[in-house]
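Following: one structure in structure tokens, then a few remarks.
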Amino acid sequence: MALTRRLAALAAAPGRSRRSIRLRLTVIYGGLFLICGAGLLAITYVLVDHATAGYFSSTGPGGLSVTGLAGSGPGAGQHGSVPQGLQLNGNGAKSTIKFTPRQKRFVTQRMRAAAVGQHARELRQLLVYSGVALAVMAAASAGLGWLVAGRVLRPLRTITAAARDISATSLHRRLALAGPHDELKELGDTFDGLLGRLEAAFAAQRQFAANASHELRTPLAWQRTLVQVALADPDADFESLRAACQRVLASGAHQEQILEALLTLSRGQAGLDKREPFDLATLAGHVLDARQPGAQDRQLTLHAALAPAPATGDPRLAERLIANLADNALAHNTPGGHVEVVTGTRNCRAVLSVANTGPVVPAAAVDWLLRPFQRLATDRTGHGEGLGLGLSIVQAITQAHGATLTLRPRPSGGLHAEVAFPEPSAGSGTHADTDHSRPAEPASQPAQPRPAASPTPRT
């Protein structure tokens with residue numbers, strides 16, 4: 001591993017010409033092959049040296065060969081320390097020449113000298129041939145490494161070209177890499193998924209900008225119309241001008257509500273810089289006390305079962321979350337209906353539950369209601385009650401706190417909303433620790449509200 005890192009560092013050394021990863025991989029492959037080949041040749045050299053040391057062979061005219069073992073080499077030690085004679089081979093016949101002691105000493109000296117020279121020549125020849133073979137195979141391995149690296153890195157070139165060409169107006173394009181399901185295929189699929197999320201985010205941003213422009217332009221156009229009509233009336237008196245001014249002020253107040261809602265939505269989407277402890281029961285009590293007169297005017301009954309529910313986060317945003325859920329439950333209700341608000345803990349998590357009677361909500365419309373400026377009864381150009389931002393703000397605040405939002409239509413009509421905050425110890429960090437991409441949980445598996453012993457109307 002250390003050798004591989006050194007080869008890679010050498011291939012990518014600073015201060016030199018730019019090297020692609022394909023070249024670096026080729027250098028690594030070729031270098032590793034060269035090192036392994038050199039090691040194999042070194043082992044072969046040692047084995048040949050050990051096996052042929054002390055061996056002597058000579059071929060003369062007529063095909064007559066003389067072989068023998070000198071007594072100084074390792075090979076000779078395996079067959080006797082001193083040769084007892086020479087073996088002659090020729091014309092299919094073998095014979096052995098025996099020596100006298102004096103002849104044996106003379107022949108032994110000559111054989112040792114001949115064996116050493118022959119052994120040196122054979123090893124030198126082995127080195128030359130092995131070096132040539134190693135050089136040829138190293139060049140071949142470098143070429144094959146270049147081809148293999150290019151084929152392996154082809155998907156990366158495809159991804160690079162696509163990333164360079166794709167812009168905000170062509171996010172619909174996909175790589176759609178083919179081939180086996182390996183790391184590069186997984187990288188291509190991940191990149192396609194990223195493009196899909198970016199496309200959805202850009203589309204939602206454009207839709208939000210268009211809807212916000214329309215919502216802000218409508219009161220401005222209405223104010224301008226009121227002023228033009230009042231100025232164009234030649235018989236306008238004090239009362240008519242006063243009424244026109246009051247309508248202009250009401251339109252301005254509507255604009256302020258839209259801007260305040262957009263600012264709250266932006267704050268919720270930006271996350272939390274710090275967290276403070278709060279109790280959902282206390283915040284819910286304040287919200288319900290402020291909305292009790294409005295509920296009576298609508299002939300609605302507020303039921304509350306407020307058990308302690310400690311959580312951490314931004315108390316102001318959490319109170320706005322409760323207020324939006326309560327306002328939504330009051331606004332989309334029927335005369336004689338009711339709103340139930342429950343707080344408590346479940347599995348060490350603070351839970352808020354808001355359920356209301358009202359018109360039947362299709363299950364398919366739950367996700368639609370979480371989008372900005374979308375209303376169930378009317379489209380964004382209609383004049384339905386509310387701004388169409390209530391549940392969008394709830395979802396943004398929920399995600400900022402790392403909580404989960406569950407919406408479920410009630411079979412008899414109305415909506416049941418539940419927000420489960422994380423454990424105070426687990427959610428005491430900054431907004432960097434929260435998951436802002438967590439969507440609302442499916443409506444098909446909602447968590448039931450904490451049962452209240454005997455819900456009583458708040459008066």
Side-chain angles (χ1 to χ4, degrees), residues 215 253-254 257-258 260-261 264-265 280-281 283-306 318-344 351-395 397-398 405-419 440-441 443 446-452 454-459:
E215 295 288 341
H254 181 67
Q257 292 177 359
I258 295 177
E260 182 181 358
T264 304
L265 180 62
L280 287 177
L283 299 180
H286 296 162
V287 171
L288 295 180
D289 288 339
R291 281 150 181 80
Q292 183 65 39
Q296 294 177 352
D297 295 340
R298 296 171 180 267
Q299 300 178 8
L300 301 175
T301 303
L302 290 176
H303 296 278
L306 305 180
E319 185 172 1
R320 183 59 184 266
L321 181 148
I322 300 172
N324 280 18
L325 288 177
D327 291 340
N328 185 77
L330 292 173
H332 304 283
N333 216 312
T334 55
H338 63 274
V339 176
E340 297 179 0
V341 180
V342 180
T343 61
V351 178
L352 167 69
S353 175
V354 179
N356 64 280
T357 56
V360 175
V361 179
V366 173
D367 292 337
W368 177 265
L369 293 176
L370 294 173
R371 300 178 183 178
F373 300 112
Q374 304 301 333
R375 307 175 181 88
L376 182 62
T378 59
D379 59 16
R380 68 174 178 82
T381 62
H383 300 283
E385 187 174 1
L387 303 175
L389 290 171
L391 293 180
S392 300
I393 294 175
V394 169
Q395 185 184 38
I397 297 176
T398 299
L405 171 63
T406 304
L407 297 179
R408 176 174 62 91
R410 301 179 60 177
S412 59
L415 193 66
H416 171 254
E418 180 180 277
V419 180
E441 290 187 356
Q448 296 298 327
R450 183 178 183 272
S454 55
T456 56
R458 285 184 70 89
T459 58

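FYI, the numbering just counts along the sequence from 1.
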Rounded distance (nearest 0.5 Å) linking atom NE2 of His416 with atom OG1 of Thr406: 8.5 Å
Using the side chain to side chain contact (heavy atoms under 4.5 Å, CB included) criterion, which residues pair with Asn328? Sequence neighbours excluded. His332, Leu391, Leu415
Considering all heavy atoms, the nearest Leu300-Leu330 contact: CD1-O, 3.6 Å
Please find the pair of heavy atoms, one from Ala323 and one from Val287, that lie closest to each other, and give the distance. CA-CG1, 3.7 Å
Assess the residue pair His303 and Val339 against the criterion (side-chain contact (heavy atoms from CB on, under 4.5 Å)); give the C-alpha distance rounded to whole Å, side-chain angles, the decisive distance to 0.1 Å, and a yes or no. CA-CA 6 Å; His303 296 278; Val339 176; over 6 Å; no
Starting from the C-alpha separation in whole Å, work towards a yes-or-no answer on side-chain contact (heavy atoms from CB on, under 4.5 Å) for Ile393 and Leu321. CA-CA 7 Å; Ile393 294 175; Leu321 181 148; over 6 Å; no
Looking at OG1 of Thr343 and CD1 of Ile322, how far apart are the two atoms once the value is rounded to the nearest 0.5 Å? 8.0 Å
Can you tell me how far apart CG (Asn324) and CD1 (Ile397) are? Round to the nearest 0.5 Å. 6.5 Å
Shortest non-hydrogen contact from Gly337 to Thr357? CA-OG1, 3.2 Å
Are Leu288 and Val341 close enough, and set up right, to give a side-chain contact (heavy atoms from CB on, under 4.5 Å), and what steps lead you there? CA-CA 9 Å; Leu288 295 180; Val341 180; 3.9 Å; yes
Closest heavy-atom pair and its distance - Leu306, Ala281: CD1-O, 3.8 Å
Minimum heavy-atom distance between Pro409 and Ala363, given as atom pair plus value: CG-CA, 3.8 Å
Separation of Asn333 CG from His338 NE2 (nearest 0.5 Å): 8.0 Å
Where is the tightest heavy-atom contact between Thr334 and Gly358, given as atom of each residue plus distance? CG2-CA, 4.0 Å
Are any of the side-chain heavy atoms of Glu418 and Val351 separated by less than 4.5 Å? yes
Taking Arg291 for its side chain and Asp327 for its backbone only, find out whether a donor-acceptor pair lies under 3.5 Å. no
